[in-house]
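As structure tokens, the structure follows; a few thoughts come after it.
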Amino acid sequence: MLQATDSHMTTSGKHRTVENRTLRQLQQVTSETSFRYQSATAMASGGTCCGTISGFLFEYDTQKIVLIKNRKVGLMNRLVQLVILAYVIGWVFVWQKGYQEFDKVLSSVSTKVKGVAKTNGSKLGVRIWDVADYVIPPQEENSFFVMTNMLLTMNQKQGQCPEVPSVTTICQTDNDCSTDVPDIHSSGIPTGRCVFYNATVKTCEVFAWCPVESDTVVPKPALLGVAENFTVLIKNNIRYPKFNFTKRNILDTVNTSYLSKCIFNRKTDPNCPIFRLRDIVMEANADFQEMAVQGGVMGIQIKWDCDLDKSASKCIPEYSFRRLDNKNEEHNVAPGYNFRFAKYYKDVNNTETRTLIKAYGIRFEVLVFGQAGKFNIIPTMINIGSGLALLGVATVLCDIIVLYLLKKKYYYREKKYKYVEDYELGINEQDTYKTSQ
């Protein structure tokens with residue numbers, strides 16, 4: 001009898017255990033179904049503000065790894081990863097040298113022009129021109145000017161004389177001339193008188209340096225066209241302060257003998273710091289004789305790009321040349337480059353006299369730029385980390401394709417996302433259910 005009772009109790013306990021287990025499974029299924037229903041209802045109805053805030057505060061998303069056996073998606077994933085690796089290795093590290101830190105160049109420039117010219121003009125006769133005559137001023141910061149053409153107005157003295165004929169200066173009577181109202185284009189202060197400029201033309205009289213300058217006709221060909229054979233020595237010292245590195249464009253391998261006879265040539269002497277002016281203009285696809293008539297502006301570019309992980313002897317400058325002013329003759333108002341200066345003296349009567357020179361020429365601007373790079377662990381690690389982060393783009397792209405573009409997107413979405421309720425909330429619901437029983 002006792003054995004029967006024990007057997008009955010054991011069987012009853014087993015049934016109770018199975019029932020409890022089944023009950024928990026039903027509760028879990030019911031809870032998941034209810035949660036999905038609530039989520040779907042909330043999504044369908046657009047949700048409420050409180051629901052959105054509650055979900056933002058009290059829900060947590062964690063990654064779930066799902067292996068999807070799809071050849072197209074798998075191939076695309078590897079292809080995107082390969083492109084990112086090629087970008088990081090090829091562009092960032094090899095081309096852009098992402099493993100280095102960089103510093104901008106600091107530089108100083110000095111120039112020395114050499115050359116002698118001979119002219120034979122109606123006003124000056126036979127004359128020799130050297131550096132002191134055609135380089136004006138003698139020294140400038142990162143530039144130099146070479147005079148190639150000029151207009152001379154000699155023996156000017158202060159007094160009264162007729163203006164150069166123009167639309168605003170030609171007159172018939174004194175009434176056509178203003179008094180004491182100087183024009184910005186006038187050569188002096190008007191006196192109000194109309195006088196003869198020559199035998200047939202009258203112009204308004206001015207108080208100015210007389211005779212006044214007439215610059216309507218520019219000498220052509222240029223008076224100092226032979227300046228194309230002049231040479232210039234450019235001395236450029238550079239420094240990279242971050243790396244305490246200094247160098248100059250006159251390389252350590254250059255000696256006095258070589259420097260006295262070399263001329264820059266891109267093929268035979270690319271490191272010679274002496275340049276012929278004609279070669280500079282030709283490298284910029286311009287004609288020196290044409291440019292010499294009215295002047296212009298040229299740029300001499302010196303580029304210092306140095307890899308300081310290599311030998312210092314491989315840090316050498318690269319020269320390039322370009323014309324900086326507008327050379328389009330059809331759309332070029334006030335072309336060329338010119339300015340005026342005067343040389344003063346006193347004549348035999350102790351009267352102050354001057355020679356006015358309107359100088360045309362070529363201004364050469366020396367432009368130095370570049371950077372140096374040297375290995376540093378900080379930019380290296382930053383770029384490696386950025387590259388690893390970019391690999392996540394492949395995952396994001398493939399997720400978009402799988403979850404939104406493929407035909408089985410709902411199936412994959414169900415496998416990827418799993419909704420789990422709070423564990424403590426589930427236990428409390430079970431205890432409530434047991435108590436109600």
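No hydrogens, no waters, no symmetry mates; every other heavy atom, side chains included, goes into these values.
By the disulfide (SG to SG under 2.5 Å) test, Cys398 pairs with no residue at all, sequence neighbours left out. Residues forming a side chain to side chain donor-acceptor pair (under 3.5 Å) with Thr351 (at least two apart in sequence, or on another chain): none. For Lys346, the side-chain contact (heavy atoms from CB on, under 4.5 Å) test picks out Asn350, with sequence neighbours left out. In this structure Thr353 satisfies the side chain to side chain donor-acceptor pair (under 3.5 Å) test with no other residue, sequence neighbours excluded. With sequence neighbours excluded, no residue forms a salt bridge (Lys or Arg N to Asp or Glu O under 4.0 Å) with Asp309. With sequence neighbours excluded, no residue forms a ring pair (Phe, Tyr, Trp, His ring centres under 6.0 Å) with Tyr240.
Listed here is the closest heavy atom pair of Lys114 and Tyr134: C-OH, 3.7 Å. Taking both residues in full, the closest heavy atoms of Asn237 and Arg248 are given as OD1-CB, 3.4 Å, listed atom of the first, atom of the second, then distance. Minimum heavy-atom separation, Ile84 to Ala394: CD1-N, 4.4 Å. Considering every non-hydrogen atom in both Val164 and Thr203, the closest pair reads C-CG2, 4.4 Å. Scanning both residues, Asn149 and Pro219, for their nearest heavy atoms gives ND2-O, 2.8 Å.
Counting non-hydrogen atoms of neighbouring residues, nucleotides and ligands closer than 6.0 angstrom, the OH atom of Tyr411 reaches no more than 12 such neighbours. Heavy-atom contacts from other residues, nucleotides or ligands closer than 6.0 Å to CG of Asp252 number 12 or fewer. With a 6.0 Å radius and a threshold of 12 heavy atoms from other residues, nucleotides or ligands, Lys408 has its NZ atom at or below the threshold. Within a 6.0 Å radius of CE in Met282, other residues, nucleotides and ligands contribute 12 heavy atoms or fewer. The local environment of CD in Gln172 is sparse, with at most 12 non-hydrogen atoms from other residues, nucleotides or ligands closer than 6.0 Å. For Arg278, the CZ atom counts as densely surrounded, since its 6.0 Å shell holds more than 12 non-hydrogen atoms of other residues, nucleotides or ligands.
Listed for the Lys97 side chain is no donor-acceptor partner under 3.5 Å among the backbone atoms of Phe375. Without hydrogens or angle criteria, Asp133 side chain to Asp130 main chain gives a donor-acceptor distance under 3.5 Å. Judged purely by atom type and a 3.5 angstrom limit, Ser143 has no side-chain atom pairing as donor or acceptor with the backbone of Glu140. A donor-acceptor pair under 3.5 Å is absent between the side-chain atoms of Lys112 and the main chain of Val232, judged by distance alone.
Using a 4.0 Å cut-off between charged nitrogen and carboxylate oxygen, Arg354 and Glu352 do not count as a salt-bridge pair.
In this model, a donor atom of one side chain and an acceptor atom of the other lie less than 3.5 Å apart for Trp304 and Asn236. Defined by atom type and a distance below 3.5 Å, a donor-acceptor pair is present between the side-chain atoms of Gln100 and Asp307. With 3.5 Å as the limit, one finds a donor-acceptor pair spanning the side chains of Asn155 and Tyr345. No side-chain donor-acceptor contact under 3.5 Å links Asn229 and Arg276.
Residues Phe339 and Phe145 place their aromatic rings such that the two centres sit under 6.0 Å apart.
Residue pairs meeting the disulfide (SG to SG under 2.5 Å) criterion with at least one partner in residues 82-118, sequence neighbours excluded, do not occur; the list is empty. Legend: disulfide (SG to SG under 2.5 Å) pairs involving residues 213-262, not counting sequence neighbours, sorted by first then second residue: Cys262-Cys272. The salt bridge (charged side-chain N to carboxylate O under 4.0 Å, His left out) contacts involving residues 375-395 comprise nothing, where partners must be two or more places apart or lie in separate chains. Pairs of residues two or more places apart, or lying in two chains, that qualify as salt bridge (charged side-chain N to carboxylate O under 4.0 Å, His left out) and include a residue from residues 154-178 are Lys157-Asp347. The stretch residues 263-275 participates, sequence neighbours left out, in these salt bridge (charged side-chain N to carboxylate O under 4.0 Å, His left out) pairs: Arg266-Glu283. Applying the salt bridge (charged side-chain N to carboxylate O under 4.0 Å, His left out) rule to pairs touching residues 217-226 yields nothing, sequence neighbours excluded.
Note that OG1 of Thr148 and CZ of Phe230 are 10.0 Å apart. Values are rounded to the nearest 0.5 Å.
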Could you please spell out the steps behind the disulfide bond (SG atoms under 2.5 Å apart) verdict for Cys171 and Cys194?
CA-CA 6 Å; Cys171 62; Cys194 183; 2.0 Å; yes

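Geometrically, Lys409 does not engage Tyr404 in a cation-pi contact defined by less than 6.0 Å to the ring centre and at most 45° from the axis.
Note: Phe93 and Tyr99 have parallel aromatic rings, judged against thresholds of 30 and 60 degrees for the angle between ring planes. Between Phe275 and Phe264, the ring-plane angle classifies as tilted under the 30° and 60° cut-offs.
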